[in-house]
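Single-structure report; data block below.
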Amino acid sequence: MEPIMAIVVGLLYAAAIYMMLRRSIVKLVIGLMLLSNAANLLIFTSAGMTRGAPPLIPLGSVLPDGAVADPLPQALILTAIVIAFGVLAFAVVLIHRAYNIIRTDNLDQMKDTDT
């Protein structure tokens, strides 16, 4: 399963970079969203794709019984999802404001409006 996920992560990174190199600012934001999803999948895949029990230690034991899931990558991904949503919301508001002022979403034409 890990090789398939590695290919999916690579394809997501490639699609994100392709979208971020386009002239439209909307495609730039879509590429940013794909990039954050690719990073989340990379963290998830690098942590391992094995199933395990919750990391709970029974009373009187020092170690958990059997294989347990690692909660650290899950916590990192959850934090990354929240941060990515905040960045996406900020970018959408910024795009909306820029479009209302300049009336274009072409990055080359936006560059000409610098004073």
Same cluster for [X] and [Y] if Ile/Leu/Val/Met/Phe/Trp/Tyr side chains link at under 4.5 Å?
X   : Y    : result
L41 : M1   : yes
L28 : I95  : yes
V92 : I102 : yes

Hey, what do you get for [atom1] ([X]) to [atom2] ([Y]), rounding to the nearest 0.5 Å?
X   : Y   : atom1 : atom2 : answer
T79 : I43 : OG1   : CD1   : 9.5 Å
E2  : I4  : CD    : CD1   : 9.5 Å
L76 : F44 : CG    : CZ    : 12.5 Å
I30 : L35 : CD1   : CG    : 13.5 Å
L34 : S36 : CG    : OG    : 8.0 Å

Would you check if N100 and H96 make a side-chain contact, meaning some heavy-atom pair closer than 4.5 Å?
yes
Side chains of V29 and L88 in contact at under 4.5 Å (non-hydrogen atoms):
yes
Identify each donor-acceptor pair in which a side-chain atom of residues 8-26 lies under 3.5 Å from a protein atom, sequence neighbours left out, and give them as a table.
{"unit_1": "R22", "atom_1": "NE", "unit_2": "Y18", "atom_2": "O", "d": "3.4"}
{"unit_1": "R23", "atom_1": "NE", "unit_2": "D108", "atom_2": "OD2", "d": "2.6"}
{"unit_1": "S24", "atom_1": "OG", "unit_2": "V26", "atom_2": "N", "d": "3.3"}
{"unit_1": "S24", "atom_1": "OG", "unit_2": "D105", "atom_2": "OD2", "d": "2.8"}

Closest heavy-atom pair and its distance - I77, N40
CD1-O, 3.5 Å
Between T45 and L42 (side chain of the first, backbone of the second, donor and acceptor by atom type, cut-off under 3.5 Å), is there such a pair?
no
